[in-house]
Amino acid sequence: MLRATKAIQAIQAIRGMNDILPDQIYLWEFFEQTVREWMAAYGYRNIRMPIVEQTDLFVRSIGAVTDIVEKEMYSFLDNLNGDSLTLRPEGTASCVRAVLEHNLLYAGPQRLYYSGPMFRHERPQKGRYRQFHQVGVEALGYAGPDIDAELIVMCAELWKKLGISDVRLEIGTLGGAESRALHRARLIRYLERHLGKLDDDARRRLHSNPLRILDSKNSAMREIIDGAPQLLDDLDEDSLAHFEKLQRILRGQGIDFEINPRLVRGLDYYNRTVFEWITGKLGAQGAVCAGGRYDGLVEQIGGKAASACGFAMGVERVLALMMECGKEIPHPLPDVYVVHQGASATDGFAWQTVRLLRDWGLKAVLHCGGGGFKAQMKKADASGARFAVIIGDDEAQAGEISIKPLREAAEQVRVGLAEAADLLKRA
Ligand code: ATP
Ligand code: MG
């Protein structure tokens, strides 16, 4: 008979796509709960979009000549009908698509948020993954700088709730369509004069997306970028007024910021306000949250023109920063671990008791898998529970339970169920 000689190779997760294990989940759940309460407090409603969309949605919204569309998207052909589909690299495009598809703007402006995994084919490293998570917030149908300010004020509030201190705010403005066109022409003239010092990406983008050249991370181009003409100098009056009002509100709310004239967001669709929250505590991946105004996008996706503004934060980076800042979050542990032995205890009474404990609002784990009292007590201790409830045949017959505190040097007591309720609910 033939015998398999080769061990079966274990299958591993895809590089840059992480499992989030139970030991870390309390952190995520704390964050998610905080976000839910925070959003509700500001009147933002949750929206959930599919993870897969038509590729064209992202090409049209993010822009064909961007890092995301050029090299980071997970796109594939649908086997059944040949459609080109893409795992969403960000949420704004899907959110706007959903809002248009369901005519939500007819009911008036919308304050929305979503959260979930995003996918980008990047080189995985600390703080940069191929599946990562974002919380995105979008305010659609609001034109004024007040909503831009609200979004920023809201972020500052969230950092406080999460115990994050080491994060600074940069703001900038990209102006309106006219000032961008003016600036674009000036920028191209400037960059053409320095053609020899541009890298390949920059040369390719010179005429298609010159603004994005300013966003380059290539340090060899630092000098060229620093010397480039600034959009602030070409700013139209309305955009300038918008930018100044934003600053006034932020100052009034005690929000510190720096103006960064070079702040160009990675995506194409922004205009006017752009902002980014940056930390020095996470090394190269210091951008934790980024956003801005994108008044042109709704029309670009096929809707009736509408103003829009939003931001997205990288959840992995925010959580890492939270830890760096020393935020302590309690592990949710069971209150009670029920140890039981003997037929009458095990077949009915232990089950009734554990159900009662849960009715009292306690987190109660029923020991499963048999074994002697000693082994079960070890499990009780390892579970992190504050109390072991011990049930043997004796207890079962008397309708009583024994309670042993596991985290303090106190005596074990044997009590009836009514007294147990008092004792455990008070503890
Ligand atoms: P970066 O400059 O770091 O590549 P970006 O400009 O591509 O960021 P956005 O598209 O603005 O990022 O996304 C908003 C936020 O999502 C970022 O500020 C960051 O916190 C997070 N983020 C983006 N890409 C990744 C990734 N590959 N892994 C983890 N987080 C990410
Ligand atoms: Mg990126």
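Since we're looking at a predicted model, the values are computed, not measured. Counting starts at 1 for both ligands and their atoms, in listed order.
K71 and D67 are joined by a salt bridge, as a carboxylate oxygen and a charged side-chain nitrogen come within less than 4.0 angstrom of each other. Salt-bridge formation is not detected for the pair D422/R426: no Lys NZ or Arg NE/NH1/NH2 atom is positioned less than 4.0 Å from an Asp or Glu carboxylate oxygen. The pair R212-E70 fails the salt-bridge criterion, with no side-chain N (NZ, NE, NH1 or NH2) lying under 4.0 Å from an Asp/Glu carboxylate O. Salt bridge annotation for R186-D234: present, with a cationic side-chain nitrogen under 4.0 angstrom from a carboxylate oxygen. By the 4.0 Å N-to-carboxylate-O rule, E150 lies close enough to R111 to be salt-bridged with it. Salt bridge status for D381 with R407: present, with a side-chain N to carboxylate O gap under 4.0 Å.
The distance from ligand 1 to the heavy atoms of V288 drops below 4.0 Å at these ligand atoms: 18 (O), 20 (O). Distances below 4.0 Å separate heavy atoms of C289 from the following atoms of ligand 1: 18 (O). Close contacts of ligand 1 with A290, meaning ligand atoms under 4.0 Å from a residue heavy atom, involve 11 (O). Interface atoms of ligand 1 facing A287, defined by a heavy-atom separation under 4.0 Å, are 17 (C), 18 (O), 19 (C), 20 (O). Here is the list of ligand 1 atoms found below 4.0 Å of a heavy atom in G127: 28 (N), 29 (C), 30 (N). For ligand 1, the atoms closer than 4.0 angstrom to any heavy atom of A312 are 14 (C), 15 (C). Listed by number with element, the atoms of ligand 1 under 4.0 Å from a non-hydrogen atom of E122 are 24 (N), 25 (C), 26 (C), 27 (N). Of all atoms in ligand 1, numbered sequentially from 1 with element shown, those under 4.0 Å from a heavy atom of R120 are 5 (P), 7 (O), 9 (P), 10 (O), 12 (O), 13 (O), 23 (C), 24 (N).
Closest approach of R317 and A287 over heavy atoms only: NH1-O, 2.9 Å.
Contacts between E90 and ligand 1 below 4.0 angstrom, taking non-hydrogen atoms only, are absent altogether. For K217, every heavy-atom contact with ligand 1 shorter than 4.0 Å involves the side chain, none the backbone.
Side-chain contact check for D148 versus F275: every heavy-atom pair is 4.5 Å or farther apart.
Using a 4.0 Å heavy-atom cutoff, Q285 is absent from the residues neighbouring ligand 1. Remark: distances from the non-hydrogen atoms of Q134 to ligand 1 include one below 4.0 Å.
Taking the six-membered ring for Trp and thresholds of 30 and 60 degrees, Y190 and H194 have ring planes inclined between 30 and 60 degrees apart.
Comparing R128, M118, R123 by heavy-atom distance to atom 3 (O) of ligand 1, the nearest is R128.
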